[in-house]
Amino acid sequence: MALSKFIFVICLLFTVFSSAAAQLPCTSRTFSNKQTFAACSTLPVLNSTIHWNYYPSTATVDIAFTQSVVSDSRWVAWAINPTSTGMVGSQAIVAYKRTDGTITVYSSPIKSYGTHLEQGNVSFPLYDVSAVFENNEFIIFATIGLPNNVSVVHHVWQQGPMFGNTPGMHSLSGPNVQSFGTLDFLSGKIETSKGSTSTSALKYAHGIINTISWGILMPIGIIVARYLKTVEGADPAWFHAHRGCQMLAFLGGIAGWGTGIFLGSKSPGIQYKGHRCIGITLFALATIQVAVALCLRPKKTDENRKYWNWFHWVVGYGTIVLSIVNIFKGFDILEPANKWKLAYIAIIGTLGCIAAILELRKLGSFLSRFRSNRAAGQEIVESTQTIV
């Protein structure tokens with residue numbers, strides 16, 4: 001009994017001292033460059049810590065960002081996002097160890113999800129940037145002129161693999177998509193952004209909805225209209241199938257367009273101009289197409305029907321081309337796992353092959369009828385000459 005109590009006391013003391021050691025104040029750390037900091041906080045993911053000295057009178061802050069890594073073949077980054085939360089729009093400081101053993105550190109403005117961490121000037125003053133790697137830990141030092149003289153900032157921290165001397169793409173799941181939040185240099189309060197998961201899910205929903213509606217259903221509807229209406233006995237079934245596909249695509253397009261507008265409003269200052277302009281054009285063309293088809297379609301016997309057909313054809317095929325282009329722009333922005341892009345390429349490629357086969361068959365049928373009509377006309381001419 002006495003032995004068991006002794007072991008319990010030893011374990012309790014070990015736990016208490018271990019906990020106390022783990023909670024030592026950050027100010028107790030002195031870095032190899034003899035620099036100390038008045039405040040610090042352990043960040044919730046990626047084995048990272050941020051240390052700082054804040055100077056309200058000059059709206060500047062000295063920072064030391066530390067991150068432990070499993071090997072030196074990793075890059076690390078810490079950033080402030082002056083315009084939004086998350087990665088895009090953030091102004092980063094990147095550090096990594098080159099293959100020759102030297103440490104590279106530089107600033108990099110993050111303009112899109114497809115960034116390669118190119119070196120460039122950030123949108124706020126940055127001084128005395130340096131970095132070291134010791135004991136499997138990167139440490140970035142810098143002095144920052146806080147944007148708009150604020151003490152509360154949106155910050156992001158990250159790490160990823162190195163391929164030679166080139167930073168590679170970080171993981172798209174787990175801690176790597178949770179490493180952002182707000183930091184108050186004045187009070188020391190750090191919060192993880194609450195809306196990160198829902199916003200990320202909405203981005204994927206936006207991509208999925210638009211890919212299915214604009215990029216799959218709409219091409220299927222055009223294939224049905226072009227190739228089934230000439231099949232004997234397919235009328236009016238082909239028309240109902242065509243209309244059904246296009247209306248489902250348009251309704252899905254409304255949802256996709258709405259989520260895109262909402263996402264844009266949640267990230268002021270971050271604009272994908274090409275993607276947005278094409279999306280607005282698509283929605284406008286599709287709305288005009290639906291309105292004209294429902295309200296202004298002439299009867300088949302109307303002499304103006306041919307002009308309506310030309311308009312319907314040009315707008316329809318133009319919409320398909322723009323849709324596919326914009327979907328690939330969306331893939332470049334969102335950067336999902338490569339299998340999803342390959343899956344869409346396979347789907348649209350299959351639809352293209354089906355359309356090509358049906359087009360060749362339609363052309364063959366046309367040539368066959370042309371030859372038959374030509375032969376019939378030749379026989380009439382010969383019969384007439386015989387009679388004469």
Side-chain angles (χ1 to χ4, degrees), residues 86-88 111-115 169 171-173 177 195-227 241-267 270-290 293 314-358:
M87 173 180 164
V88 177
K111 299 177 181 178
S112 73
Y113 288 105
T115 181
M169 183 64 187
S171 172
L172 296 174
S173 62
V177 295
S196 59
T197 302
S198 60
T199 301
S200 178
L202 190 60
K203 289 177 182 177
Y204 282 101
H206 171 75
I208 291 169
I209 291 170
N210 283 317
T211 299
I212 293 174
S213 57
W214 298 109
I216 297 176
L217 284 175
M218 199 160 281
I220 290 175
I222 285 187
I223 289 173
V224 168
R226 181 164 179 81
Y227 302 111
H242 167 70
R243 184 174 60 180
C245 282
Q246 304 309 76
M247 288 305 298
L248 284 174
F250 181 65
L251 293 174
I254 293 174
W257 186 75
T259 56
I261 295 297
F262 177 78
L263 289 169
S265 69
K266 297 293 287 185
S267 54
I270 303 172
Q271 295 183 2
Y272 302 101
K273 291 184 179 178
H275 185 67
R276 186 181 72 163
C277 289
I278 294 175
I280 292 173
T281 303
L282 276 174
F283 187 70
L285 287 175
T287 302
I288 292 170
Q289 184 83 308
V290 169
V314 170
V315 173
Y317 280 94
T319 300
I320 293 299
V321 172
L322 290 176
S323 297
I324 295 172
V325 169
N326 217 29
I327 285 168
F328 281 105
K329 281 185 173 291
F331 277 122
D332 291 339
I333 293 168
L334 193 57
E335 288 194 329
N338 200 43
K339 63 182 179 181
W340 298 110
K341 188 173 183 178
L342 293 175
Y344 179 67
I345 291 173
I347 291 171
I348 201 67
T350 301
L351 291 176
C353 289
I354 292 172
I357 292 170
L358 292 175

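The basis for the numbers below is simple: all heavy atoms, side chains too, and nothing from hydrogens, waters or symmetry mates. Everything numeric here is computed off the predicted structure, so don't read it as measured data.
- In terms of modelled atom types and a separation under 3.5 Å, the side chain of Tyr344 and the main chain of Gly215 share a donor-acceptor contact.
- Rounded to the nearest 0.5 angstrom, Ile222 CD1 and Ile320 CD1 are separated by 4.0 Å.
- Summarising the geometry, atom CZ belonging to Arg276 is positioned 8.0 Å from atom CD1 belonging to Ile261; distances are rounded to the nearest 0.5 Å.
- Evaluation of the side chain to side chain donor-acceptor pair (under 3.5 Å) test over residues 206-224, restricted to residues two or more places apart or in two chains, returns His206-Asn210, His206-Thr259, Asn210-Trp214.
- Residue Val88 comes nearest to Ser112 through the heavy atom pair CG2-C, 3.9 Å, listed as atom of the first residue, atom of the second, then distance.
- Distance check, rounded to the nearest 0.5 Å: CG of Leu342 to CZ of Phe331 gives 9.0 Å.
- Remark: Tyr227 pairs with no residue by the ring-ring contact (aromatic ring centres under 6.0 Å, His included) rule, at least two apart or across chains.
- Tested against Trp257, the residues Ile209, Ile280, Thr287 include a single side chain to side chain contact (heavy atoms under 4.5 Å, CB included) partner, Ile280.
- Counting only residues at least two apart or in different chains, side chain to side chain donor-acceptor pair (under 3.5 Å) contacts with residues 315-325 are absent.
- Nearest heavy atoms, Ile223 versus Leu351: CD1-O, 3.7 Å.
- Counting non-hydrogen atoms of other residues, nucleotides and ligands closer than 6.0 Å to NZ of Lys341 gives a total above 12.
- Smallest separation of non-hydrogen atoms from Gln246 and Gly221: OE1-CA, 3.3 Å.
- Rounding to the nearest 0.5 Å gives a distance of 10.0 Å between CE of Met247 and CE of Met218.
- Residues Pro219 and Ile348 approach most closely at CG-CD1, 4.2 Å, considering heavy atoms.
- Annotation: the span from Thr281 atom OG1 to Leu285 atom CG amounts to 6.5 Å, rounded to 0.5 Å.
- Counting only heavy atoms from C-beta outward, the side chains of Val315 and Ile288 never approach each other to under 4.5 Å.
- Ile324 CD1 to Lys329 NZ: the interatomic distance, rounded to the nearest 0.5 Å, is 14.5 Å.
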